[in-house]
Amino acid sequence: MNEHSGSSRTALAAALMRAVHTRLDRPPLLDDAWADRLVSAAEKTALYQRIVAAAPREARPRLAALGSEQAAIDRVLRGHPTYGGVVIRSRVAEDALADAVARGVRQCVLIGAGFDSFIVRQPPFARAIEIFEIDHPATQAAKRQRLAACGVSLAANVHFVGADLSQESLAAALARSRFAADVPAFFSWLGVTIYLTREANLATLRGVATAAAPGSELVFTYTDQRVLDAAPAALESMRAARAAEGEPWLSGFDPTRLAEELRQLGLELIEDLGNAELRARYCADRDDGLAPGRFGHIARVRPIG
């Protein structure tokens, strides 16, 4: 399923991973069980059916022996190569947002928010800020329908901005909202860049540099372009699966060139966290195997000047 025709499968899977982590991993890095409510029973059944269809024939009895669709989904998602990265990137972004709010930032922009549930599980520090979700209208409409079906009454500080950023600039989308261009903001852009062309990624980064007031900050994830170009076997099956579902991997960034590329866009690289740094910061004392992805990075940047 393509994001232009309905809910992004990638967004749904990422939300379920966060919920699985909350229920099963100890200690949890996140408290986010909302996907268990926001992802419909039909979508969970469809996911289970895809899991069974993709499993080797000899593995199918073991999945059935787990006793339920939910148990099978949990097992497979916890074992997926992206599982730890999905969990850790959310924790990194929320830690950075808390720091930004402590510095006085009062706006948060979630770019490509998907089924992230931050707007409904706001920690105390977030209740004094304005939160803007920017996403493709199809995914955003599905999310709003689920929230309504769950009887969720959204806080007054939540604002939805439906936008296809391949067709409209970030600055233009924000200009249609109550976003205050002269007030510092925290921008979060997680799990998206690999699905966009290089040109679209650069345009969004340029949009942050243009729309963000001094004192703003952006956290975004990316995949090492050198690894995508080398096409290691460890990634090829995932690349093929995403392409088959209408969400192909399109581009990454070269960590050795990232700082200079960002400077050319009007942004300063503050921090670039790869596997080793993320593992040391969030997984050093764990014994459950939770670990960041091998090839993913999380960058923190600020507008220059």
Side-chain angles (χ1 to χ4, degrees), residues 10-36 71 73-102 110 112-118 121 123 125-126 186 188-194 217-228 230 232-235 237-239 241-242 249 252-256 258 269-301:
T10 300
L12 293 172
L16 286 170
M17 286 177 179
R18 292 189 294 268
V20 171
H21 169 73
T22 298
R23 283 190 280 105
L24 300 180
D25 295 339
R26 293 294 176 270
L29 296 178
L30 292 170
D31 183 9
D32 183 4
W34 272 92
D36 286 334
I73 290 170
D74 289 355
R75 172 73 62 84
V76 170
L77 290 182
R78 282 184 95 194
H80 196 274
T82 65
Y83 175 74
V86 166
V87 170
I88 292 168
R89 74 193 187 198
S90 292
R91 174 60 185 271
V92 171
E94 292 182 25
D95 284 350
L97 173 57
D99 290 343
V101 172
L110 306 177
F115 275 63
D116 182 88
S117 64
F118 186 78
R121 56 179 175 83
F125 75 79
F186 177 87
S188 175
W189 191 27
L190 306 180
V192 177
T193 60
I194 196 171
E217 184 174 306
L218 162 69
V219 169
F220 73 97
T221 58
Y222 72 92
T223 300
D224 190 329
Q225 182 65 52
R226 299 168 302 178
V227 176
L228 293 178
L235 285 185
S237 61
M238 285 193 292
R239 185 199 294 262
R242 296 285 74 75
W249 291 351
F253 289 92
D254 182 341
T256 66
L258 182 62
L269 180 64
I270 303 301
E271 190 173 41
D272 186 10
L273 303 172
N275 176 279
E277 295 86 356
L278 291 168
R279 186 183 292 270
R281 184 176 298 183
Y282 292 100
C283 305
D285 297 323
R286 304 189 68 91
D287 58 9
D288 58 4
L290 186 74
R294 291 171 57 192
F295 310 118
H297 286 247
I298 305 176
R300 290 178 58 222
V301 306

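The figures that follow rest on heavy atoms only: side chains count, while hydrogens, waters and symmetry mates do not. Please read all numbers here as calculations on a predicted model, not as lab measurements.
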Shortest non-hydrogen contact between [X] and [Y], atoms and distance:
| X | Y | result |
| --- | --- | --- |
| H297 | G274 | ND1-CA, 3.9 Å |
| L290 | G84 | CD1-CA, 3.7 Å |
| S117 | R121 | OG-NE, 2.8 Å |
| A14 | V86 | O-CG1, 3.6 Å |

Hey, is the main chain of [Y] close enough, under 3.5 Å, to the side chain of [X] for a donor-acceptor pair?
| X | Y | result |
| --- | --- | --- |
| R239 | L228 | yes |
| T193 | T221 | yes |
| T223 | G252 | no |

Within a strict 4.5 Å, meaning less than it, do heavy atoms of the [X] and [Y] side chains meet?
| X | Y | result |
| --- | --- | --- |
| L190 | V219 | yes |
| R26 | D288 | no |
| R23 | D36 | yes |
| P292 | L273 | no |

Task: Parallel, tilted or perpendicular: ring planes of W189 versus F220, cut at 30 and 60 degrees - done: tilted
- [ ] For the residue pair F118 and F125, categorise the inter-ring angle as parallel (less than 30°), tilted (30 to 60°) or perpendicular (more than 60°).
- [x] tilted
Open item on the list: Taking the basic N atoms (NZ, or NE/NH1/NH2) and the acidic carboxylate oxygens, is any pair closer than 4.0 Å for E94 and R18?
Closed with: no
Open item on the list: Measuring from atom CG of L29 to atom CZ of R286, what distance do you get when rounded to the nearest 0.5 angstrom?
Closed with: 5.0 Å
Task: With sequence neighbours excluded, residues passing salt bridge (Lys or Arg N to Asp or Glu O under 4.0 Å) with R226 - done: D224, D254
